Amino acid sequence: MSENVVHLHKHPNPPAEPTTGDTAPTVLTVVPDAPPARPVPLWVRSGRAVKTAVTHERTRSAGRAVVRHGLYTFNGGRIAARRAWDGRTGSRYERMIRAAEAAGNLEAAEEWEDRLQRFRAARHHRRMDLLHSPVDAAKGVAVGAGMSVGVLVALGVIMAISTENIGHVVTPLTATIDFIALLIRIVQIVWGPAVTIGPFLALLALWSVGRKQHAAPQWALPANVRSGEGEPITPSIVVKALRDLGVPALARAIKEMGDAGASMLGPITIAGCGVEVDVTLPSGVSTNEVQSKRRKLAENLTRHEHEVFITIPQAARTVRLWIADSGALDEPIGPSPLVTDETMTADYTKGKAPWGQDLRGDAAALSLYQRHLLITGLSNQGKTVALRSLALWLALDRSVEFLIGDLKGVGDWAMFDGLATTLIQGPTDEHVIQVTEMVESAVDEMNRRIQAPPGTTFPALIVLVDEAQMAFMCPAKDEDKRPYGGSKANSRYFMAVRKIHNQGRAVNVLMWQGTQDPTNENLPKLVREGAHTRASLALGTESQARMALGDKAVDGGAAPNLLRPGLDRGTLVVASDGITIPAGQSSITVRTHYIDDDAATAITDRAKALRDGVTTLHAIEHKEEHDPLADIAAVIGDAPRVRTKDVLARLATRNPSAYGEWSFIDLKRVLDDAGAEPHKSDGVMVVSRDRVARALANRDTDGSASAD
């Protein structure tokens, strides 16, 4: 019977709080003694200790080290045995033959087969020589020993004669015998330890071979080796990366080639901040199967996705891999020559703008001569800076004229005030209207140049619109209900750009546009395909990349949608004949120089010093208002009818600025809208005075007079 102890504690249901002056009673309760805590079994404590030890990082590191070094030795032995086997047999040549056959290179297969035959013939000759070697060796030993004894005896005779002591005749012979005995004694002493230590030295050699080849699972390798960051690109690494790409036909072909899968590879050459290699794919593997697995290939090469570029050269069934040094693309490039060389000038016709560097680290320069330009990309990726750097270079050619519309309006182009003929800055619909009229004025200048005598040369006129998507998406309409934005035939901005694209190049009137996030709504197909130079910064999707650069460039490996927004700011993919593109490629990736606002201002100051002074307009001056229908009635006069040709001539004389560019279509449009259509009389088109007068009367009665 267990002992009872008295515990002093509060009752589980204490009485109500006492009133003032009362004292709470103390309750004595007798409870049995609490049972002692049960001890934890030894096997449970041991299990917990084992679990803690197993999961501890030091334990895991030790386990990985044991596995790693054990496999270094084992796999080192396999590698050494394979090398020895390759050296003694023709297996290496046979693998090369299979690899050449798998790659479809029959000439290489025949060459390796010839080498195999020569190797076998030489091996057979050596084996036949071994049949005669024992007899030849015995004869050689006998002759050599006899000659050696004779030489020693002759030497002893000479010593005996010189010393007059007959005993010196055998002195050289006995010295030689003593030396041989000493060597035997040394071998007897060393042989025991050598036999003991020799296996350990052999294991150490095998371990060294395995360690150099990292012959262990990835999880067992040290952290710095597992990551592979900065690991140099070798043929074996490229072949393994292709083998593990997840393309069954490619993996089977490489397996059949054995270790000779490197025969698919061309020379690995240094290319800027990386290396470049051409890979001839085996039969049954298409280039787009490799292109579509860019990320996996990059990871197999221990690189990030943006550090591997896959392009399609001219050779059939070939992909060209450019593999950057780890982290090299995150390093900034140097300043622009426009900033460092204050004596630099530009030549629109023969020069090239220093834009940046390609992935090889070579200077990337762009010719702007008679090429319309389109740069697109996501917001805040460096589009304006890339576009502005080209304009800054061209501004150093004093003959070039600029019409600039900045529909962002935050001052990115403010340094061109006093340099550009027209500079409109602002994001509103009114600014879009002004920019549209600026582009239409460039169309008028283009038409004037086209009508000039043949052989006339004209300076470059650059019509530059930044944030052009705002012009295409503007909902405003003019007094004739014609929209400024959109992509229809009556869209004023769209049609003005199309006209410059169609005919401006021949007379050096060029259209440059920068736009964000291309879609069919904010960058119509006819406009983007009218640009000779198309460049794109980071984009979101492949469909946007196709809109920006075209199907040919994207199918050839251009992938601005794989650039990293923010991290690859200023890096763009260019498709143009104005820049040097490696043979067989349809595009090139350029890392552009960054020119900040202060440096840009300094460059424009130099450009202004080359000019006599430019007065910049910040708004388009509207033409004097006129009434086309009333003017037509005035030039007809009292004649009952006048030929349309004469009406056009009289209108041009009356108001050249308004009607100097009119054609029969313009005249007919005004008359058809008024209900006074021209008609034929005696086989020629004429305008009737009565019809025009009646149209004027009806219009004035309705109170719908309008000005053009």
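When reading the values below, keep in mind they use all heavy atoms of this one structure, side chains included, and skip hydrogens, waters and symmetry mates. Bear in mind the structure is a predicted one, so any value in this text is a computation, not a measurement.
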Supply the atom-to-atom distance [X] [atom1] to [Y] [atom2], rounded to the nearest 0.5 angstrom.
| X | Y | atom1 | atom2 | result |
| --- | --- | --- | --- | --- |
| Leu387 | Ile375 | CG | CD1 | 4.5 Å |
| Leu539 | Asp517 | CG | CG | 7.5 Å |
| Glu529 | Asp551 | CD | CG | 8.0 Å |
| Asn522 | Met547 | CG | CE | 8.5 Å |
| His679 | Met685 | NE2 | CE | 8.0 Å |
| Leu572 | Thr592 | CG | OG1 | 5.5 Å |

Whether the side chain of [X] engages the backbone of [Y] through a donor-acceptor N/O pair (distance < 3.5 Å, no angle test) should be reported.
| X | Y | result |
| --- | --- | --- |
| Arg534 | Ala548 | yes |
| Thr422 | Leu403 | no |
| Thr376 | Thr515 | yes |
| Arg641 | Val686 | no |
| Arg689 | Asp638 | yes |
| Asp478 | Asp480 | yes |

Pi-cation contact, Phe309 with Arg294 (under 6.0 Å, within 45°): yes
Side chains of [X] and [Y]: does their closest heavy-atom pair fall under 4.5 Å?
| X | Y | value |
| --- | --- | --- |
| His593 | Pro337 | yes |
| Ile404 | Gln425 | no |
| Val554 | Ser586 | no |
| Phe494 | Pro524 | yes |
| Lys352 | Thr580 | yes |
| Ser576 | Leu366 | yes |
| Leu338 | Leu396 | yes |
| Arg611 | Lys608 | no |

Using a cut-off of 6.0 Å, state whether more than 12 heavy atoms not belonging to [X] lie near its atom [atom1].
| X | atom1 | value |
| --- | --- | --- |
| Lys499 | NZ | no |
| Arg448 | CZ | yes |
| Asp341 | CG | yes |

Does a donor on one side chain and an acceptor on the other come within less than 3.5 Å for [X] and [Y]?
| X | Y | answer |
| --- | --- | --- |
| Asn561 | Arg546 | no |
| Asn288 | Ser286 | yes |
| Arg498 | Asn502 | yes |
| Gln357 | Asp362 | no |

Whether Trp413 and Phe416 hold their rings parallel, tilted or perpendicular, with breakpoints at 30° and 60°: tilted
Val527 and its side-chain contact (heavy atoms from CB on, under 4.5 Å) partner, picked from Met511, His501, His372: His501
Is any NZ, NE, NH1 or NH2 atom of the basic residue among [X] and [Y] found under 4.0 Å from an Asp or Glu carboxylate oxygen of the other?
| X | Y | value |
| --- | --- | --- |
| Asp597 | Arg388 | yes |
| Arg492 | Glu440 | yes |
| Lys383 | Glu467 | yes |
| Asp631 | Arg650 | no |

Salt bridge (charged side-chain N to carboxylate O under 4.0 Å, His left out) between Asp577 and Arg371, worked out: CA-CA 9 Å; Asp577 61 351; Arg371 289 178 176 88; 2.9 Å; yes
Verdict with reasoning, Leu394 to Trp512, per side chain to side chain contact (heavy atoms under 4.5 Å, CB included): CA-CA 13 Å; Leu394 197 55; Trp512 292 9; 3.9 Å; yes
